[in-house]
2 protein chains.
Amino acid sequence: MKAIPEPTLRRLPKYLHLLMEWRNNNINYVSSQAIADELGLDAIQVRKDLSVTGIVGKPKVGFDLRELIRALCSTLNWNNVSEAFIIGTGSLGSALLGYKKFNDYGLNIIAAFDNDSEKLGTKVNGIEIFPIEKLEIMITQLKINVAVLTVPGDVAQALAEKLVSYGIKAIWNFAPIHLKVPDSVIVENAQLSHSLAILTHRLSKANLT
Amino acid sequence: MKAIPEPTLRRLPKYLHLLMEWRNNNINYVSSQAIADELGLDAIQVRKDLSVTGIVGKPKVGFDLRELIRALCSTLNWNNVSEAFIIGTGSLGSALLGYKKFNDYGLNIIAAFDNDSEKLGTKVNGIEIFPIEKLEIMITQLKINVAVLTVPGDVAQALAEKLVSYGIKAIWNFAPIHLKVPDSVIVENAQLSHSLAILTHRLSKANLT
C-alpha cells in the first residue's frame, strides 16, 4: 500500500462524515467541487486527497457516493475492527469508554484497566475494569495489538514499556508526554494540548485574549 | 506577530512539556540536539521550530532553559488565560471539565451549559452547569470569546451559529462535523476520529488488523 501523507489522512474522516450525511439525504453522486465548497477546502486538494482511495469520478457526474464511502472506509481500514484495551479510567479514559463511535472507526475497546481498587470489577458502558496486573495475561491470551493510553504523564512511559513487552504493537497516546518505544511500535498522539496550542495562538494573533 | 506554521505550533507544546520536566530535574541549559534526541526529532527541525520564540541559543552552551520556557509560553499565549464556556456536558464534555490542566494552557473554563434539566445547577469539578437558554446573556455580560463545543454532531452547527451570533470569536470543536461559521471566527477541530484515522491506517499498513 502506498504511504498516504498525514495531512491527507487527517482529512479523509472529514470527507467520510460529510458523505455519510449526504447518503442519509439520498444523494447518489457528488463532485469534488461540492465537497470542497461544503468543507471550505480547495477542489483540487479534495480531488487529490480522494485519489488515494483509487476511486475516479465520472466527468460531469462526479463520484458515486456509496462507492466513495466504501473506498474511504477501506483506505482508513475502518472495515476491519481491531480489538483494543484502554489503560487508565480517569475522567478522559471514562469518557472514551462512553464513546460508542470508535467501533465505526475500526476500534473495538473490549476491556479497561486501572489500579484504583474501588473501580475493579465495575463496568463503564458495559466494559469491565480489570487490575493493571491482569494486562500481561489478557494481552497475551486475547492477542491484543492496540492499547489506548489515558494515564497521567508520570506513569505513562513505564506503562508503555510494559505494554510493548507484553506484545502491544500500537499505542493511541493521550498522556501528555512523548513516549519512547521501539521504532516498530506505532504511536499516535492525541494530546489535546497540541490542538489547544493552535487555538490559543490564533486567539493571540486576533488580539482576543 | 509572524504567522507560525501549524506543524511547528503543534510541536511547541511537546518542547514545553519536556523542558518543564527537565526544569524539575534542575537542568539549566539545553541544546537543540538533546531535545531532538529525547523527542525523536531532527536537531535542525528543533532549532528551526524554537527560532519562532525569538530565543537564540549560545554556542556550546545551548538555550537557557527557563528563558526558553518563558518564551514558549509567550509564543503559545499560555501566559494570558482566556475565559471560556463549555457547551455540552456528555461524557466528553464532563471529562474536559475534569481536566485541570487547561488553565496551564491558557484556557479557563468558567461555566458549562447543557439542556438536560437533571444536570442543571449541579457542578462538575466546581464548575456549574447552566441551561442553554442562559448562553446569550452570560456570553454578553461576561464578555466570553471562547466556546468549547462538545455536543452531538446533529445539533453542533445550529449551536455554533447561535454562539457566533452571541459574540463568540473562537470555537474549540469536538463535535464530529465540519462547522460552517464566518471567516472571522476561529475554529480549531479536536476531533478524535482524525487522530484515530492515522492510527488505524498505520495498523493496516503494518498488517496488524
Side-chain angles (χ1 to χ4, degrees), chain A residues 1 3-4 6 9-14 17-18 21 38-40 75-78 80-82 90-92 94-99 101-102 105-107 145-146 153 169-170 172 176-178 180 184 186 188-206 208-209, chain B residues 1 3-4 6 9-14 17-18 21 38-40 75-78 80-82 90-92 94-99 101-102 105-107 125 145-146 153 169-170 172 176-178 180 186 188-206 208-209:
Chain A
M1 193 189 300
I4 300 174
E6 200 168 303
L9 264 182
R10 287 193 193 274
R11 280 188 294 269
L12 296 186
K14 275 198 196 191
H17 290 151
L18 180 64
E21 265 179 59
E38 186 71 17
L39 298 179
T75 305
L76 288 165
N77 199 37
W78 287 354
N80 297 316
V81 173
S82 297
S91 56
L92 185 61
S94 301
L96 294 180
L97 281 175
Y99 193 62
K101 287 233 167 163
F102 288 141
Y105 301 156
L107 209 64
N145 287 323
V146 184
K169 304 288 191 297
W172 199 18
I177 67 155
H178 173 78
K180 281 183 283 188
S184 61
I186 298 163
E188 166 61 17
N189 292 301
Q191 294 156 348
L192 296 178
S193 61
H194 299 184
S195 170
L196 191 51
I198 311 276
L199 185 78
T200 52
H201 179 74
R202 285 196 198 143
L203 274 168
S204 74
K205 273 177 53 187
L208 288 173
T209 51
Chain B
M1 195 188 297
I4 299 174
E6 199 168 304
L9 265 182
R10 286 192 194 274
R11 280 189 293 267
L12 297 186
K14 274 197 196 191
H17 289 151
L18 179 63
E21 266 178 57
E38 186 71 16
L39 298 178
T75 305
L76 287 165
N77 199 37
W78 285 355
N80 296 316
V81 172
S82 297
S91 56
L92 185 61
S94 301
L96 295 181
L97 281 175
Y99 193 62
K101 287 235 167 161
F102 288 140
Y105 300 156
L107 209 63
N125 193 27
N145 287 324
V146 184
K169 303 287 190 297
W172 199 19
I177 68 155
H178 174 78
K180 281 183 283 189
I186 298 163
E188 166 62 18
N189 291 300
Q191 294 156 349
L192 296 179
S193 61
H194 299 182
S195 169
L196 192 51
I198 312 275
L199 184 78
T200 53
H201 179 72
R202 284 196 198 143
L203 274 170
S204 75
K205 272 177 55 186
L208 289 173
T209 51

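The chains referred to below are lettered A, B, ... by the order of the sequence lines, with proteins before strands, and numbering in each begins at 1.
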- Message: Tell me if a side-chain donor or acceptor on Thr200(A) pairs with a main-chain N or O of Leu76(B) at a distance below 3.5 Å.
- Response: yes

- Message: Taking Leu97(B)'s backbone N and O only, do any of them form a donor-acceptor pair with Asn125(B)'s side chain (distance below 3.5 Å, no angle check)?
- Response: yes

- Message: Is Glu21(A) close to chain B through its backbone or its side chain, or both, or neither, when contacts mean heavy atoms under 4.5 Å?
- Response: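 The side chain, not the backbone.
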
- Task: Please flag which part of Ile177(A) lies under 4.5 Å from any non-hydrogen atom of chain B: side chain, backbone, both or neither.
- Result: side chain

- Quick one: what part of Lys14(B) sits under 4.5 Å from any heavy atom of chain A, side chain, backbone, both or neither? both

- Message: Heavy-atom pairs under 4.5 Å with chain B - which of Ser94(A), Ala190(A), Pro13(A) has more of them than the others?
- Response: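 That would be Pro13(A).
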
- Message: Between Asn189(A), Leu12(A), Leu199(A), who has the most heavy-atom pairs with chain B when the cutoff is under 4.5 Å?
- Response: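 Option with the top pair count is Leu199(A).
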
- Message: Val146(B) vs Ile186(B), test: side-chain contact (heavy atoms from CB on, under 4.5 Å). Steps then yes/no.
- Response: CA-CA 9 Å; Val146(B) 184; Ile186(B) 298 163; over 6 Å; no

- So do the side chains of Arg202(B) and Glu188(A) get within less than 4.5 Å of each other, counting heavy atoms only? yes

- Side chain proximity check, Leu107(B) to Trp78(B), heavy atoms < 4.5 angstrom: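 With C-beta onward as the side chain, the pair stays apart.
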
